[in-house]
Amino acid sequence: MPDLDRVFQALADPGRRLMVERLSRGPASVSELGRPLDMSLAAVLQHVQVLEASGLIRSQKVGRTRTCSINPVALRSAEDWIADRRTMVERRLDRLGEYLAQTADTPDQSWAAEPGETTNDHEEQQ
């Protein structure tokens, strides 16, 4: 299983996210990945190495061309982690909603008149 810290660290950079977006449409060479980015080919290759180290992409060199492809397993691990957090938050919000729905029908006793006192008595004292 891919190291989630490395996956999220790799995805923290906008240029690398752009590369992952491009690779989600299919394999691409390093030079293709660098085309929309304002950086040298050496810098693009460094970003590719970070993505490879995280497990998000794989690359293969044939001749002078290095072709990269996405590794869906690494993306799925990040997606699963996020989905688990979302599920926990949604459960908490559901419980809060249920609690609020139950208590909405119950009058708030802190504003009620004291025993033996009518609402008018309370207003007259103020």
Shared hydrophobic cluster for Leu23 and Leu75 (ILVMFWY, side-chain gaps under 4.5 Å): yes
message: I need the minimum non-hydrogen distance between Ala78 and Val7, along with the two atoms involved.
response: CB-CG1, 3.9 Å
- request: Rounded to the nearest 0.5 Å, what's the gap from CG on Leu33 to CD1 on Ile57? Could you check?
  value: 6.5 Å
query: Going by heavy atoms in the side chains, are Gln9 and Ser54 under 4.5 Å from each other?
result: no
field: Test side-chain contact (heavy atoms from CB on, under 4.5 Å) applied to Pro27 - qualifying residues, sequence neighbours left out
entry: Thr67, Ser69
- request: Share the residues that join Val62 in a hydrophobic cluster, the rule being Ile, Leu, Val, Met, Phe, Trp or Tyr side chains under 4.5 Å apart at the heavy-atom level.
  value: none
- request: Following the transitive rule for hydrophobic clusters with a side-chain heavy-atom cut-off under 4.5 Å over Ile, Leu, Val, Met, Phe, Trp and Tyr, establish whether Val30 and Leu56 coincide in one cluster.
  value: yes
query: Which pair of heavy atoms, one from Thr65 and one from Ser29, lies closest together, and at what distance?
result: CG2-CB, 3.9 Å
- prompt: Rounded to the nearest 0.5 Å, what separation is found between the CG atom of Leu100 and the CG atom of Leu93?
  reply: 10.5 Å
query: Is Met19 close to Val44 at the side-chain level, that is, under 4.5 Å between some pair of heavy atoms?
result: yes
- prompt: Taking only residues two or more places apart in sequence, or in another chain, which ones meet Arg17 in a side-chain contact (heavy atoms from CB on, under 4.5 Å)?
  reply: Leu11, Pro14
message: Applying side-chain hydrogen bond (donor to acceptor under 3.5 Å, both in side chains) as the test, list every pair that has at least one member in residues 33-47; sequence neighbours left out.
response: Arg16-His47
field: Residue Arg6 excluded, over 12 heavy atoms near CZ under 6.0 Å
entry: no
field: Contact list for residues 90-99, test side-chain hydrogen bond (donor to acceptor under 3.5 Å, both in side chains), sequence neighbours left out
entry: none
query: How far does CG of Leu18 sit from CD of Glu21, to the nearest 0.5 angstrom?
result: 5.5 Å
message: Using the salt bridge (Lys or Arg N to Asp or Glu O under 4.0 Å) criterion, which residues pair with Glu32? Sequence neighbours excluded.
response: Arg22
message: Would you compute the distance between atom CG of Leu45 and atom SG of Cys68 and round it to the nearest 0.5 angstrom?
response: 8.5 Å
